[in-house]
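Count residues from 1 along the sequence. Heavy-atom basis, side chains included; hydrogens, waters and symmetry copies ignored.
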Amino acid sequence: MPYRAPISDYQFLLDQVVGFDQVAATETFADASADVVTAILTEAAKMSEEVLAPLQRAGDLEPARLENGVLRSSPGYADGWKAIAEGGWIGISADPEYGGMGLPMAVTTAVNEMMSAACLSLQLAPLMAQGQIEALEHHASDELKSLYLPKMISGEWSATMNLTEAQAGSDVGALTSKAEPNGDGTYSVTGQKIFISWGDNDFAENICHLVLARLPDGVPGTKGISLFLVPKYIPDSDGNPGVANDLKVVSVEHKMGLHGSPTCVMQYEGAKGWLVGKEHGGMAAMFTMMNNARLGVGGQGVGVAEGAYQHALAYALERKQGRTPSGTIIDHADVRRMIMDMRADIFAARAILLANATAIDMAKATGDADWAARAALLTPIGKNFGARTGIRVAETGVQVHGGMGFVEETGAAQYSRDVRVTAIYEGTDGIQAMDLVARKMMDGGEAASNLLDEIEEQAEHARATMPDLAGPVWEATETLREATEWLVAQDDMNDRFAGATAYLLAFARVLGGHYHLSAALADPDGPRAKLARYYINALLPEHSGLLARVQSGADDLFSLSPDELAA
């Protein structure tokens, strides 16, 4: 499917909205100059447009398949992986000591979004590798890092993460996979894992699985879980893939979408593995990979939204129907509403994710606890709202196409099918929302309050030149502050959880207003100010209804018994 990377949007957001200049000014990221970032975005865009986009439809029509125990990838995917690897896009933020570029996560986020828009099924593979690379950088022994990181960064070896089991699901602590010490520093890992993205392929020399399992002395629950690196082929004395490990792909799931990405059931039968991090410290190590993936999944949602938007816009500009000034449906008010909603929300979601990535970069470069808290606060919002934006925009794209949207040949439906899972994996939307109102509020709401202070300060500044935009943003922020204070005051967690999703979406709406206002201030006479006006007038008001639901508590939610619900 044709795709054009929105380089100008990335550059505008980095330069004018999310404060990326602070990142480039640090010693850690001094090499991330404006010229370097422009060159990176340009090359990634070329690869995404010319190499990956043509694979989008092929993967949907000719899915990955398992033949006699051998995984066969979709046509062209091997060449696509090679282009990603040779371009250095897997290790864009990885440590240069092991062959990475060492660039900021904000740049990686933009590049990953482009690849997601072009071909989400294939982009999942480098995203898994990026997450594992970061986990190994933080938690693995020097010996493991020196052997595995260069291979993964170069794309010679690919990577997965194995958390979920059939009986456990999101309750990771209920897993039954076990690991027995072999007495030589290695472990025998046994168990079955489900929903493993890119659990196997036919283009990487080796596949490195990060597997959660319990040691014999591991206590029940998450505190007794350890993390193990279990390769498909055990490296020989020279570090090359040697004998096959005792693991296999049992089956490949038949899914609603993402057909080009094999989602595998993995079986480990005493497979040799190496401990990553401390014994019983597996969740801490895995969360490093999970948080990386959560940012990435939010970007996947925005990427698919961009692809679906471009697809729908092209159709609306060409489809002749009714009497309009242009003769096409783009001038029908309801079609224009859908197109404007799509564009405005993409900008908001993209800004939230780039701000999230910028906070991660600043925390890494400065070690400042406030930046780390900002990054932690924005992660569930960015993941949830990015995924929801992808789902809503892709669904709207089908609607723009009308009856042709329901016909697979147009390609509109594929975006909707492919993106739907982003609200489910790497922690469902509900889990992200509960994390926001619980763990992220353990500071009494301080991190949230600090962010709201900044939004109101900017709105106050903007009153002098754009009072009609600044006023609604300030008022929405103050309403969000009141709801935040109400949440923090609730001792019954069900009262928080009942409105958690609504709270997160309201927070995202206010952040979107803030970033749109920033864009309008930077481009007061241009199209960005027009888009900001639309978002603030048409979409920002949704926050009030959402926040009313937040403060309604859990009583009404649980007022009907299970029997009454089933009656």
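Looking only at atom types and distance, the side chain of T422 has no donor-acceptor partner in the side chain of Q300 under 3.5 Å away. A donor-acceptor contact under 3.5 angstrom links the side chains of S93 and T108, judged on distance only. The closest side-chain donor-acceptor pair between T358 and Q22, if any, does not fall under 3.5 angstrom. Looking at S33 and D31, their side chains never bring a donor and an acceptor atom within 3.5 Å of each other. Looking at S121 and H259, their side chains never bring a donor and an acceptor atom within 3.5 Å of each other. Between S158 and N201, the side chains place a donor N or O and an acceptor N or O closer than 3.5 Å (distance only, hydrogens not considered). Defined by atom type and a distance below 3.5 Å, a donor-acceptor pair is missing between the side-chain atoms of N291 and T379. If you check the side chains of R57 and Q414, you find a donor sitting under 3.5 Å from an acceptor. Side-chain contact of T186 with D184: a donor-acceptor pair under 3.5 Å is present, judged by distance alone.
At most 12 non-hydrogen atoms from other residues, nucleotides or ligands lie less than 6.0 angstrom from OH of Y233. Applying the 6.0 Å contact sphere to CZ of F29 captures more than 12 heavy atoms from other residues, nucleotides or ligands. The number of heavy atoms from other shown groups lying within 6.0 Å of NZ (K248) does not exceed 12. Around the NZ atom of K178, the shell of radius 6.0 Å holds no more than 12 heavy atoms that belong to other residues, nucleotides or ligands.
Between E205 atom CD and N240 atom CG the span is 7.5 Å, to the nearest 0.5 Å. The distance from the CD atom of E306 to the OG atom of S116 is 11.5 Å, given to the nearest 0.5 Å. Atoms NZ and CG, from K46 and L41 in turn, are 15.0 Å apart once rounded to the nearest 0.5 Å. Interatomic distance, NZ of K440 versus CG of L504, reported as 10.5 Å (0.5 Å rounding). Rounding to the nearest 0.5 Å gives a distance of 11.0 Å between NZ of K193 and CD of Q267. Note that CG of L136 is 10.5 Å distant from CG of L147, once rounded to the nearest 0.5 Å.
Remark: the backbone N or O of E426 is paired with a side-chain donor or acceptor of R294 at under 3.5 angstrom. Side-chain atoms of S74 come within 3.5 Å of backbone N or O of E62 as a donor-acceptor pair. Q310 contributes a side-chain N or O that, together with a main-chain N or O of R4, makes up a donor-acceptor pair within less than 3.5 Å. For the pair N384 (side chain) and Q432 (backbone), a donor-acceptor distance under 3.5 Å is absent. Under the 3.5 Å distance criterion, the side-chain polar atoms of R214 are matched with a main-chain donor or acceptor of G221. Counting only distance, with no hydrogens or angles, the side chain of Q132 and the backbone of T160 share a donor-acceptor pair below 3.5 Å. In this structure, D236 contributes its side chain and G239 its backbone to a donor-acceptor pair below 3.5 Å. S416 places no side-chain N or O within 3.5 Å of a backbone atom of A413 that could act as its donor or acceptor partner. Judged by distance alone, the side chain of H138 and the main-chain N or O of E134 form a donor-acceptor pair under 3.5 Å. A donor-acceptor contact shorter than 3.5 Å links the side chain of D418 to the backbone of L258.
Under a 4.0 Å N-O distance rule, the pair E113/R350 qualifies as a salt bridge. Using a 4.0 Å cut-off between charged side-chain N and carboxylate O, D60 and R417 make a salt bridge.
Within the structure, ring-ring contact (aromatic ring centres under 6.0 Å, His included) pairs that include any residue of residues 151-190 comprise Y148-W157, Y187-F228 (at least two apart or interchain). Judged as a ring-ring contact (aromatic ring centres under 6.0 Å, His included), the pairs with a partner in residues 68-90 (not counting sequence neighbours) are, in order, W81-F203.
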Requested in this report: Could you give me the CA-CA distance, side-chain angles and deciding distance for Y268 and N162, then say whether side chain to side chain donor-acceptor pair (under 3.5 Å) is met?
Outcome: CA-CA 11 Å; Y268 299 87; N162 290 234; 2.7 Å; yes

**Report entry** Stepwise side-chain contact (heavy atoms from CB on, under 4.5 Å) check, V276 with L144
**Finding:** CA-CA 9 Å; V276 175; L144 286 179; 4.3 Å; yes

Query raised in the report: Yes or no on salt bridge (charged side-chain N to carboxylate O under 4.0 Å, His left out) for D200 and K232, after CA distance, side-chain angles and deciding distance?
Result: CA-CA 9 Å; D200 201 2; K232 179 179 180 180; 2.9 Å; yes

**Report entry** Working for side-chain contact (heavy atoms from CB on, under 4.5 Å), residues L149 and E137
**Finding:** CA-CA 8 Å; L149 287 178; E137 284 179 347; 3.9 Å; yes

Requested in this report: Give the intermediate values and the outcome of side-chain contact (heavy atoms from CB on, under 4.5 Å) for residues M115 and M47.
Outcome: CA-CA 8 Å; M115 292 195 290; M47 187 268 299; 3.7 Å; yes

Query raised in the report: Between K364 and T28, is a side chain to side chain donor-acceptor pair (under 3.5 Å) present by the stated rule, with each step listed?
Result: CA-CA 8 Å; K364 179 177 179 179; T28 302; over 6 Å; no

Report task. Go through L295 and N356 one step at a time and tell me if the side-chain contact (heavy atoms from CB on, under 4.5 Å) criterion holds. Result -> CA-CA 8 Å; L295 178 68; N356 190 177; 3.7 Å; yes

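D429 places none of its side-chain heavy atoms less than 4.5 Å from the side chain of T501. Contact annotation: the side chain of I153 never approaches that of I90 to less than 4.5 Å [non-hydrogen atoms, C-beta and beyond]. V250 has its side chain within reach of Q192: a pair of non-hydrogen atoms, C-beta onward, lies under 4.5 Å apart. In this structure, H280 and I225 have side chains that are not in contact, with every pair of non-hydrogen atoms separated by 4.5 Å or more. Side chains of M256 and R420 form a contact here, defined as non-hydrogen atoms less than 4.5 Å apart. Annotation: side chain of M161 is not in contact with side chain of H209 (no heavy-atom distance under 4.5 Å). Between Y98 and M152, every side-chain heavy-atom pair lies at or beyond the 4.5 Å cut-off. Put simply, the side chain of W274 does not reach to within 4.5 Å of the side chain of S141, judged on heavy atoms.
Closest approach of G80 and L55 over heavy atoms only: CA-CD1, 4.0 Å. Taking both residues in full, the closest heavy atoms of A500 and M434 are given as CB-N, 4.0 Å, listed atom of the first, atom of the second, then distance. Closest non-hydrogen pair, A179 versus P216, comes out as O-CD, 3.1 Å. For the pair D435 and P380, the tightest heavy-atom approach, listed with the atom from each and the gap, is OD2-CG, 3.8 Å. Scanning all heavy atoms of the two residues, the minimum distance from G270 to T190 falls at N-OG1, 2.9 Å. What you find for L227 and A285 is that their closest heavy atoms are CD2-CB, 3.6 Å.
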Considering only distance and modelled atom types, tabulate donor-acceptor pairs under 3.5 Å from the side chains of residues 63-73, sequence neighbours left out.
from: R65; atom 1: NE; to: E67; atom 2: OE2; distance (Å): 2.6
from: R65; atom 1: NH2; to: E67; atom 2: OE2; distance (Å): 3.4
from: S73; atom 1: OG; to: D202; atom 2: OD1; distance (Å): 2.7

